[in-house]
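Just follow the structure's listing: the first ligand is 1, and inside any ligand the first atom is 1.
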Amino acid sequence: MTDLTSLTLTEMQNGLNKGEFSSRELVKAALERVESSGVKTHAFLHVAKESALKQADDADKQRTTNDGRQKPLLGIPVAIKDVLTVEGLPCTCGSKILEGYIPPFTATSVKRLRDAGAVIVGKTNTDEFAMGSSTEHSAYGVTKNPWDLTRVPGGSSGGSAAAVAARYVPAALGTDTGGSVRQPASLCGITGLKTTYGRVSRYGLVAFGSSLDTVGALGRTAQDVAQIFSIMAGRDPLDATSADQPVPQIQFDGDAVRGLKIGVPKEYFIKGIQPEVEEKTRAAIQQLKDLGAEIREISLPHTEYALPVYYIIAPAEASANLARYDGIRYGPRVDADNLWDVFFKTRGSKFGPEVTRRIMIGTYALSAGYYDAYYGQAQKVRTLIKRDFEAAFREVDLIAAPTAPETAFKIGEHINDPIAMYLEDVFTLPANLAGVPGISVNCGFDKNNLPVGLQLIGPHFREDLLLRVAHAYQQVTDWHKKAPSL
Ligand code: GLN
């Protein structure tokens, strides 16, 4: 019998529909794989074994009914980044300050997957409050890259990316505030979609940078990611910033690439980029040309300001969002003689160093007297960055570039150098500042057999275009089929 964990989401659906196996068998296979190699990768912070098996049995029962058979994800195992709430399961955000917190409600994105029949296998590791690019900032230990266990999986959705790359689950949810879906997808050799800001409800997503946060999907193929996307996207009355835009069912027929104009921004091929990353990305762009695209060099002139702008805006918003963790309302409390000391001692001992750094930067940037000079100025430059994209999309249909400047780096390599860590997201941050969608697909391997990611960026609400082009690329290449040996 085939190893059930080797199947993609679409293959699992086909097998379930044909009765070749049950959801219980699928979910058991996933859980066994987590049990046998989960300690090596540490992709999960919480494995929901009992509830997953129960959901699987329930799915098998539902499959005998007409209503059940309508559910597109019925019986499919998925994993959820631990910054999204799932009623009854722990939600730590990779932080000690939320240790023991069990949310009484489920994030809309997750609920839509559940309503479509998906089985939640567990919560995946993340940098604390999604701040980081390596998952090393998790208070519960680093996740390891399935391609090389001495290296990081990227971050902050490193647990979700590793869980898909390691074949624990065919798909997982992540979040992308500055690159946290695309960059780990790149470093783990899978497909990761950052949605348009407002496309997917943020209800139940623990806030980091509220004007930047997006929920995204990770899977092995663009087709699988498209399914997750279409199910979770769309207006939600519980999130006032969720957009009232029709959500397409993405059709993968026809010729997605022929006649497309694809822009290659010169600012994304900078000095310091790993030569093999540039080489593989350019080869992938050539392949899109071979498929009939017209390739044009373009300029996004304000790209160099994206990193400093992001590192004002994201910490500013984070410092405001994280004010709620005071030892009173959620999770653990460090007792003290008076209220102030409860705040100081709880926050001082439960937040990790990166989160503390962000709170300090954000509080400083927002303080009276500095607000205009930092936050106000950053917002103005953010508008210029957004306009760069708007101008580019008047010329081209989409943009192609590397996802990350280098392949998976060694655990510990950047941990004491915040700037080096921040630089991991130079190519992904601009899309968050502009609110546009992006996708990363595997486009080859470096000499250490580590995956390289091609990033495609599209206009607002054009996830369909990104997914169709990514799919077309995956029809003529087989990078996405390669699996790490664990
Ligand atoms: N690495 C970036 C940061 O640390 C982005 C993180 C994210 O997208 N959640 O802020």
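- The shell of residues lying under 4.0 angstrom from ligand 1, judged by heavy atoms, includes Y311.
- With a heavy-atom cut-off of 4.0 Å, F129 does not touch ligand 1 at all.
- Heavy atoms from both the backbone and the side chain of S180 come within less than 4.0 Å of ligand 1.
- At least one side-chain heavy atom of Y325 sits less than 4.5 Å from a side-chain heavy atom of F129.
- Under the 3.5 Å distance criterion, with hydrogens and angles disregarded, a donor-acceptor pair is assigned to the side chains of D446 and Q274.
- Between T407 and the choices V277, L187, D148, the side-chain contact (heavy atoms from CB on, under 4.5 Å) rule is met once, by V277.
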* Carefully, step by step, assess L307 and L423 under the rule side chain to side chain contact (heavy atoms under 4.5 Å, CB included). => CA-CA 8 Å; L307 192 82; L423 274 166; 4.0 Å; yes
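- Residue contacts with ligand 1: F208 is placed with no nitrogen or oxygen under 3.5 Å of a nitrogen or oxygen of the ligand (distance criterion only).
- A 6.0 Å sphere centred on OH of Y374 holds no more than 12 heavy atoms belonging to other residues, nucleotides or ligands.
- At least one heavy atom of S133 sits less than 4.0 Å from an atom of ligand 1.
- Between the choices R358, Q183, K194, R182, the shortest heavy-atom distance to atom 4 (O) of ligand 1 belongs to R358.
- Within the 4.0 Å heavy-atom criterion, neither part of Y422 lies near ligand 1.
- Here's the thing with G132: one of its N/O atoms is less than 3.5 angstrom from an N/O atom of ligand 1.
- Using modelled atom types, one finds no donor on one side chain facing an acceptor on the other under 3.5 Å when comparing K81 with T124.
- Backbone and side-chain nitrogen or oxygen atoms of T177 are examined, and one is located within less than 3.5 angstrom of a nitrogen or oxygen of ligand 1.
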